[in-house]
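Single-structure report; data block below.
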Amino acid sequence: MSQLRTRFAPSPTGYLHIGGLRTALYSYLYAKKTDGKFILRIEDTDQGRYVDGAVELIYRTLHETGIEYDEGPDVGGDYGPYIQSQRKNEYLYYAKKLVESGHAYYCFCTEERLAALPDVNGARRYDKHCMSIPKEEAERRIAQGEKYVIRQNMPTVGSTTYHDVVYGDITIENSELEDQILIKSDGMPTYNFANVIDDHLMGINCVMRGIEYLSSTPKYNLLYDAFGWARPTYIHMPPIMKDAQHKLSKRNGDASYEDLIKKGFLKEAIINYIALLGWSPKDDSEKMSFDELKRKFDVSGINKSPSIFDPMKLAWLNSLYIKEMSAEAFAEYATPWIDGCYLKQFDKALVCKLIQSRIETFAEMEEKLRFLTEYGSFDSELYVNQKQKADAELAKQILPAIKTKLENVAEWNNQNLFGALVELSAELECKKGAVLWIARVALTGLAATPGGASEIAEIIGKAETLERIGLAIEQLG
């Protein structure tokens, strides 16, 4: 078998959607697993949907996530150019070859005539009206400047069958295939034509893409057959769903890679999770590094069933990666989030130490630590903790002692503060957990917070700590 060559061929129409990134990831992993080549091609023939900056975003995202392509517009290769709009003459050349062989024809139908075709269940099917126009007449009309398109001449009887690695044999009745446009009136190819020409000329022998192309692949195969070219291997992937009824869709504003990064997810977690949307390794493991994905990926693990994008599972997976970060790496990544809000007024190292093991995404830091700057009256029922035998009455008794004990802490750090509170619990013959609970509630006015009393006191400082405890004492009366 010749070397495997896969490709990712996105359209530069905006952010790189999760489904597109998964296609790139699977195509890359399969190529690397088989010592093959992974190619990037930009399909920009739909100029009406072109978005400035989208091509650069595709490059950046793939490089950032480690999905490095062997050939592409910005890295070169032997099969360029790798941007469709720069290959325009090739498409017209091959379309004319199909006209010569009878597998395509010139169509001069106006928009008005096309709009007048019978509407069958919301669709107007082209009726091969121009197929019988003699070659000489067609060439004369083109020479006179009349607008035209080139259509594929589909067979009307029989069926077309192909094999998909995931879904098995797929058969479509030829009578269901419309004479699709290959070359548009502006001279640009349609996606359906250009991707076949490019895949063949670039030596792509394995096409991996979404299930939405499963039923249209017979049209592409008829083109391969018409040219006498070998068909590629097809691997169609199941859809990624927003929920049981709705597909995850870029057009509906659903998640893109950039969106997830802005929401505080790590690229490692995103790639790990995307890999699991339609594929599972033989050992059923879930958390996998990029190197592990490259070792474990096998197309036999691609599922037929749709996958539902679960933000909660992604957040859980992200939390595992956050916990594994070194303190230095976490602080570096967290810096923009800290500098962008009130947290910048505190010691960054202390903030990071407090929060690293207690968040699922970096975006949570601002909300979870808001109590560091926001403090007010609170319900005294928060002091109640049956396990620690704490309540408001006990708090009223021991908070003055807590305040006095902390006033006498010379070197204000977590170790000394924690030691002082533990020492106090022994002096008062009170459960350690009760003292720590009451101190934390008095400092925050919340039932649950990241970190304990001594950690929080260290961050907000001695003056603020003593002031808050004083206010808590006043509130208890």
Side-chain angles (χ1 to χ4, degrees), residues 1-47 49-91 94 188-189 191 193-210 232-235 237 250 256-258 260-261 266-268 270-272 274-275 289-295 297 299:
M1 179 181 174
S2 58
Q3 184 183 51
L4 186 78
R5 289 176 61 84
T6 66
R7 49 79 164 170
F8 176 50
S11 297
T13 57
Y15 288 133
L16 185 51
H17 185 250
I18 291 302
L21 189 57
R22 183 188 65 172
T23 298
L25 177 62
Y26 285 11
S27 300
Y28 167 84
L29 292 174
Y30 189 35
K32 297 300 110 176
K33 186 67 177 288
T34 59
D35 295 322
K37 297 288 186 180
F38 171 61
I39 291 87
L40 173 67
R41 183 174 72 232
I42 301 298
E43 299 197 338
D44 62 342
T45 55
D46 190 348
Q47 293 292 304
R49 296 179 61 213
Y50 182 88
V51 173
D52 287 337
V55 172
E56 289 70 25
L57 186 146
I58 292 168
Y59 298 158
R60 185 171 70 249
T61 300
L62 295 180
H63 290 312
E64 182 179 311
T65 55
I67 305 175
E68 298 289 354
Y69 36 95
D70 300 290
E71 302 169 27
D74 60 333
V75 300
D78 296 332
Y79 296 85
Y82 294 91
I83 297 178
Q84 280 191 338
S85 59
Q86 298 175 8
R87 303 169 63 89
K88 181 177 176 180
N89 292 336
E90 290 183 353
Y91 306 124
Y94 282 100
M188 293 295 285
Y191 164 82
F193 186 53
N195 87 87
V196 170
I197 302 302
D198 288 338
D199 283 345
H200 173 75
L201 296 181
M202 293 181 179
I204 305 301
N205 51 22
C206 179
V207 173
M208 303 179 74
R209 58 190 173 205
T233 297
Y234 292 106
I235 302 176
M237 293 165 281
K250 180 165 67 176
S256 71
Y257 172 78
E258 293 276 312
L260 295 176
I261 290 293
L266 292 164
K267 65 182 180 183
E268 295 86 356
I270 297 171
I271 289 298
N272 188 163
I274 289 175
S289 68
F290 199 62
D291 285 339
E292 288 176 310
L293 286 174
K294 285 193 277 189
R295 290 197 305 270
F297 186 80
V299 293

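Any value given below was found using the heavy atoms of this structure, including those in side chains, with hydrogens, waters and symmetry copies removed. Residues take their numbers from the sequence shown, with the count starting at 1. Please read all numbers here as calculations on a predicted model, not as lab measurements.
Distance CG/Leu62 to CD/Glu68: 8.0 Å, rounded to 0.5 Å. The OG1 atom of Thr61 lies 9.0 Å from the CD1 atom of Ile67; values are rounded to the nearest 0.5 Å. Note that OG1 of Thr233 is 7.5 Å distant from CG of Leu4, once rounded to the nearest 0.5 Å. The NZ atom of Lys37 sits 9.0 Å away from the CG atom of Asp78 when rounded to the nearest 0.5 Å. A distance of 9.5 Å separates CG of Leu21 from CG of Leu260, quoted to the nearest 0.5 Å. Taking CE of Met188 as the reference point, atom OG of Ser85 lies at 5.5 Å (rounded to 0.5 Å).
A donor-acceptor pair under 3.5 Å links the side-chain atoms of Thr34 to the main chain of Ala31, judged by distance alone. Under the 3.5 Å distance criterion, the side-chain polar atoms of Arg87 are matched with a main-chain donor or acceptor of Pro81. No donor-acceptor distance shorter than 3.5 angstrom exists from the side chain of Arg7 to the backbone of Phe38, with no hydrogens or angles considered.
Note: Phe193 and Tyr94 fail the aromatic proximity criterion, with ring centroids not under 6.0 Å apart.
With sequence neighbours left out, the side chain to side chain contact (heavy atoms under 4.5 Å, CB included) criterion links Glu56 to no other residue. Here Tyr28 pairs with nothing under the side-chain hydrogen bond (donor to acceptor under 3.5 Å, both in side chains) rule; sequence neighbours left out. Remark: Asp291 pairs with Ser289, Lys294, Arg295 by the side chain to side chain contact (heavy atoms under 4.5 Å, CB included) rule, at least two apart or across chains. The salt bridge (Lys or Arg N to Asp or Glu O under 4.0 Å) check on Arg22 picks up nothing, with sequence neighbours excluded. Evaluation of the side-chain hydrogen bond (donor to acceptor under 3.5 Å, both in side chains) rule for Lys32 yields Asp70 as partners, not counting sequence neighbours. Here Tyr82 pairs with Glu71 under the side-chain hydrogen bond (donor to acceptor under 3.5 Å, both in side chains) rule; sequence neighbours left out. Qualifying ring-ring contact (aromatic ring centres under 6.0 Å, His included) partners for Tyr257, counting only residues two or more places apart in sequence or in other chains: none. With sequence neighbours excluded, no residue satisfies ring-ring contact (aromatic ring centres under 6.0 Å, His included) with Tyr79. In this structure Tyr59 satisfies the side-chain hydrogen bond (donor to acceptor under 3.5 Å, both in side chains) test with no other residue, sequence neighbours excluded. Residues passing the side chain to side chain contact (heavy atoms under 4.5 Å, CB included) test with Pro232 are Val207, Tyr224, Tyr234, sequence neighbours excluded. Taking Ala275 as the reference, Leu25, Trp279, Leu293 meet the side chain to side chain contact (heavy atoms under 4.5 Å, CB included) condition, with sequence neighbours excluded. Partners of Glu268 according to the salt bridge (Lys or Arg N to Asp or Glu O under 4.0 Å) rule, which considers only residues two or more places apart in sequence or in another chain, do not exist here.
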Decide yes or no on side chain to side chain contact (heavy atoms under 4.5 Å, CB included) for Thr6 and Ile204, but give the supporting numbers first. CA-CA 6 Å; Thr6 66; Ile204 305 301; 5.8 Å; no
Determine, step by step, whether Glu43 and Asn195 satisfy the side-chain hydrogen bond (donor to acceptor under 3.5 Å, both in side chains) criterion, reporting the C-alpha distance in whole Å, the side-chain angles of both residues, the deciding distance to 0.1 Å, and the verdict. CA-CA 8 Å; Glu43 299 197 338; Asn195 87 87; 5.9 Å; no
Start with the C-alpha distance between Gln3 and Asp35, add both sets of side-chain angles, then the distance that settles side chain to side chain contact (heavy atoms under 4.5 Å, CB included), and finish with yes or no. CA-CA 8 Å; Gln3 184 183 51; Asp35 295 322; 5.6 Å; no
Take Ser11 and Asp44 through the test side chain to side chain contact (heavy atoms under 4.5 Å, CB included) and record every step on the way to the result. CA-CA 6 Å; Ser11 297; Asp44 62 342; over 6 Å; no
Carefully, step by step, assess His63 and Asp74 under the rule side-chain hydrogen bond (donor to acceptor under 3.5 Å, both in side chains). CA-CA 11 Å; His63 290 312; Asp74 60 333; 3.2 Å; yes
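What you find for Ile58 and Pro12 is that their closest heavy atoms are CD1-CA, 4.3 Å. Residues Gly66 and Phe290 approach most closely at O-CE2, 3.4 Å, considering heavy atoms. Nearest heavy-atom pair, Ser256 versus Leu16, reported as atom, atom and distance to 0.1 Å: CB-O, 3.5 Å. Residues Met237 and Thr23 approach most closely at CE-OG1, 3.6 Å, considering heavy atoms. Here the shortest heavy-atom pairing between Gly72 and Tyr69 reads CA-CD1, 4.1 Å.
Counting only N and O atoms by type, the side chains of Asp198 and Gln84 include a donor and acceptor under 3.5 Å apart.
Between Arg60 and Glu258, the closest side-chain pair of non-hydrogen atoms falls below 4.5 Å.
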